[in-house]
Protein chains: 4
Amino acid sequence: MRSEAARAAILQATVRLVQDRGYDRLTIEGIAAEAGVGKQTIYRWWPSRAALVADCLLGGLLLRDRFELPNTGNLRDDLVAWVSSIFELLGKPQGEMLMRSLIAAATENVDVGLRLYESLGTDSSLTGRLQSAIDASELRPDAPLDEMREALVGAVILRALSRLPAGEGVAERLVDVVLGSATA
Amino acid sequence: MRSEAARAAILQATVRLVQDRGYDRLTIEGIAAEAGVGKQTIYRWWPSRAALVADCLLGGLLLRDRFELPNTGNLRDDLVAWVSSIFELLGKPQGEMLMRSLIAAATENVDVGLRLYESLGTDSSLTGRLQSAIDASELRPDAPLDEMREALVGAVILRALSRLPAGEGVAERLVDVVLGSATA
Amino acid sequence: MRSEAARAAILQATVRLVQDRGYDRLTIEGIAAEAGVGKQTIYRWWPSRAALVADCLLGGLLLRDRFELPNTGNLRDDLVAWVSSIFELLGKPQGEMLMRSLIAAATENVDVGLRLYESLGTDSSLTGRLQSAIDASELRPDAPLDEMREALVGAVILRALSRLPAGEGVAERLVDVVLGSATA
Amino acid sequence: MRSEAARAAILQATVRLVQDRGYDRLTIEGIAAEAGVGKQTIYRWWPSRAALVADCLLGGLLLRDRFELPNTGNLRDDLVAWVSSIFELLGKPQGEMLMRSLIAAATENVDVGLRLYESLGTDSSLTGRLQSAIDASELRPDAPLDEMREALVGAVILRALSRLPAGEGVAERLVDVVLGSATA
DNA sequence: TTTTAACCGAGACGGTACGTCTTGTCTTATA
DNA sequence: TATAAGACAAGACGTACCGTCTCGGTTAAAA
């Protein structure tokens, strides 16, 4: 019978440590100590620290609602707001580190990678928002939604890797590039 | 006086080991052994293994000419060919591992990140190619080149993280998304 | 819960290596390899290689019964036999190296020093033998036993440091010097 | 052409470092730095750090005149004074460390060992003093001077290894033990 | 109700790699 | 041409974690 208390403590400890020190300084021993748990309890349920991060991400513990994609009826505005909020996070040292931690975890774990691939680990509202834009005739019915999403999310990931601050207008231009071919 | 022989041996050993086993199994001790070099000689000149990878990338030792961006005069065809060749590499286990290795290194080292940011670590011909497309009136003079590049390269990075095979037509649609707003 | 198997393997490996190569070429890594043990298992229980040697000495693993002090009823003969047997050991390269190893360890570790101080690391029968000589009226009741022991053992230590072969009659003269003032 | 300045600087640096930090923390690199000299200059002229210490000892740089054996005409008093002065040195932390440093060096280098063997590294006046005691009929003509010296010096060495403070009367009793058989 | 089997915390174990330190050799440039 | 300066290959240092493996000490279901 699995102990739910232990499970929760482990995931929370993981979140705390990733946010405080980053993925590369995250250790199983550190998590066990922080969670007040034996190492074996971690190894019993997760195969690697990357899988732990994946679980945190899945449970919404790492990016919960941070980047809710709004739906005001104006797709461009919504996307710009969303991208801007992410860029804002990247502007803070801890936010930038968190994003890089997720990317690092993704290089080791498919689940994390897939989770990022669908809108940056958030409740993948991006696909839904684009689809609803088609329904509202804001986008052409044959717009390549997947590729648009990949371009948008990918640009954000790449920005995080570059560690460059996103200057004025970057979010707008990025959204325009992505929407360009697909708007009426 | 720095030994050029040692420097070259270290970089080559790094390239070999990254390609064979991936970044996460790359160790300083392994590099030193492979290069026939003392560990201190590595630590004397590089602060971390990520910096070593950055140097390899800079020296063109890791991706040299792998993704030469052609210039046939037709921008769309050129970009599709370039993206396709990258997708092809990602289809092979070793190629995928190499790309993920670079991304992992980028999460630890700004230089690697910047190098990826400008066209995927290749001799950043992408910017030049886009500029020449403006000159040839293939693109609008005010096309947001940087954001176009970010979207394109970012999509490729993200694809690597997702480990999903790039299906039929993905390269084309991706290029079309990116070029959409800027052509004609 | 400490592993007795590991403890024994480590001490035995230490003994073997000290005897084969001497204290100055004794390394923690070498002991760990020889014992088939992780380095941390050594560091967990001993603070230094000198402490390891002290433990071996204490456990009788290094000089066990090598220099049993006989008790024939004739103190002078017994001491001469004992000193001679030590000089004989010092005549062999390995024996000399072992003795110098112990002295070297003693310079770094009090316990080894004390163990040498009381009769050369052997089960300190020397004090007992001298006491029984008083009881048998072979020595004056007020004979300064401690100083006699120090003089005798010290002379042996010093001989080991000098690396000079102990010539004919040295053992006898040494014992006579030490016993001189204390024999009826 | 050997640089006398370098030679002196090296020996003085050795003395300083041995006295300050002890033999086990004495390194060739440290000496070179302290002396403002290249390492090669040391290796060119001395085979090991123990040989360096031997040279310092020989040159009187380490124990110069520290333990001058007096000659008042009363052998016992002279020896007691000499042993007491050594015990006094051993009572100070730095003096004890210095003596242990010499012993440690002796385990690695014959010259140091021999130097200790003949009266503790001092200008070997001990033998001379004993001889003159014979001449003055303070000792029997056939007294075993060598063994007496070994017993006395050895006891002091051993005391240093034991790190035990020499209590009241130890010096006297020690001298009496050694002189016992040879007086009157 | 008692057994028993799984899970728990704790942490020792054999290992690997870390980044530092020192060794003794070598090369360079300085004077 | 002997130096100081210091790079080099080698390898030990002591530390940090890895993933596996006992330990006893709770639980909770099965007997």
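Values reported hereafter were calculated over all heavy atoms of this structure, with side chains retained and with hydrogens, waters and symmetry mates removed. Naming convention: chains lettered A, B, ... in sequence-line order (proteins, then strands); numbering from 1 in each chain.
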| request: Please name the residue in the list Leu158(C), Val112(C), Ile157(C), Leu98(C) that meets the side chain to side chain contact (heavy atoms under 4.5 Å, CB included) test with Ile103(C). | output: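 Answer to the side chain to side chain contact (heavy atoms under 4.5 Å, CB included) test with Ile103(C) among Leu158(C), Val112(C), Ile157(C), Leu98(C): Ile157(C).
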
| field | Qualifying residue for side chain to side chain contact (heavy atoms under 4.5 Å, CB included) with Trp46(C), from Thr14(C), Val53(C), Leu52(C) | value |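 Per the side chain to side chain contact (heavy atoms under 4.5 Å, CB included) rule, the option paired with Trp46(C) is Leu52(C), out of Thr14(C), Val53(C), Leu52(C).
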
What is the distance, to the nearest angstrom, from the [atom1] atom on [X] to the [atom2] atom on [N]?
X        : N       : atom1 : atom2 : result
Tyr43(D) : dG6(F)  : OH    : C1'   : 13 Å
Trp45(D) : dA2(F)  : CH2   : P     : 8 Å
Asp24(B) : dC17(F) : CG    : P     : 18 Å
Arg21(D) : dT22(E) : CZ    : C1'   : 13 Å
Glu29(B) : dA9(F)  : CD    : P     : 15 Å
Arg25(C) : dG11(F) : CZ    : C1'   : 14 Å
Ile28(A) : dC17(F) : CD1   : C1'   : 10 Å
Met1(B)  : dT27(E) : CE    : C1'   : 9 Å

Measuring to OP1 and OP2 of [N], would you say a side-chain N or O of [X] lies under 4.0 angstrom away?
X        : N       : result
Arg44(A) : dC8(E)  : yes
Ser3(B)  : dT27(E) : no
Arg2(A)  : dC7(E)  : no
Thr41(D) : dA2(F)  : no

| If you take atom types as modelled and just measure distance, does the side chain of Gln40(B) reach the base of dC21(E) with a donor-acceptor pair under 3.5 Å? |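 It does, because a donor-acceptor pair links the side chain of Gln40(B) to the base of dC21(E) below 3.5 Å.
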
| field | Side-chain donor/acceptor of Lys39(A) to base of dG9(E), under 3.5 Å | value |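 Counting by modelled atom types and ignoring angles, no donor-acceptor contact under 3.5 Å is found here.
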
| request: Measure from NZ or CZ of Arg49(B) to the centre of the six-membered ring of Tyr23(B), then state whether that distance is under 6.0 Å and the direction lies within 45° of the axis. | output: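 Here Arg49(B) passes the 6.0 Å and 45° test against Tyr23(B).
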
| Nearest-nucleotide 5' precedence on DNA chain F, Leu26(C) against Ala35(B) |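 Counting from the 5' end, the first nearest nucleotide belongs to Ala35(B).
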
| query | How do Val37(D) and Ala32(B) order along DNA chain F: which one's closest nucleotide is nearer the 5' end? | reply |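 Whichever sits nearer the 5' end wins; that is Val37(D).
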
| request: Select base, sugar-phosphate, or nothing to describe what Gly36(B) touches, counting heavy atoms under 4.0 Å on all strands. | output: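 Touches sugar-phosphate only.
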
| request: State, to 0.1 Å, how close Asn109(A) and Arg163(B) come at their nearest heavy-atom pair, and which atoms those are. | output: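 Looking at all heavy atoms of both residues, the closest pair is C-NH1, 3.8 Å.
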
| Measuring from Met99(A):CE to Leu116(A):CG, what's the distance to the nearest 0.5 Å? |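 These two atoms lie 8.0 Å from each other.
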
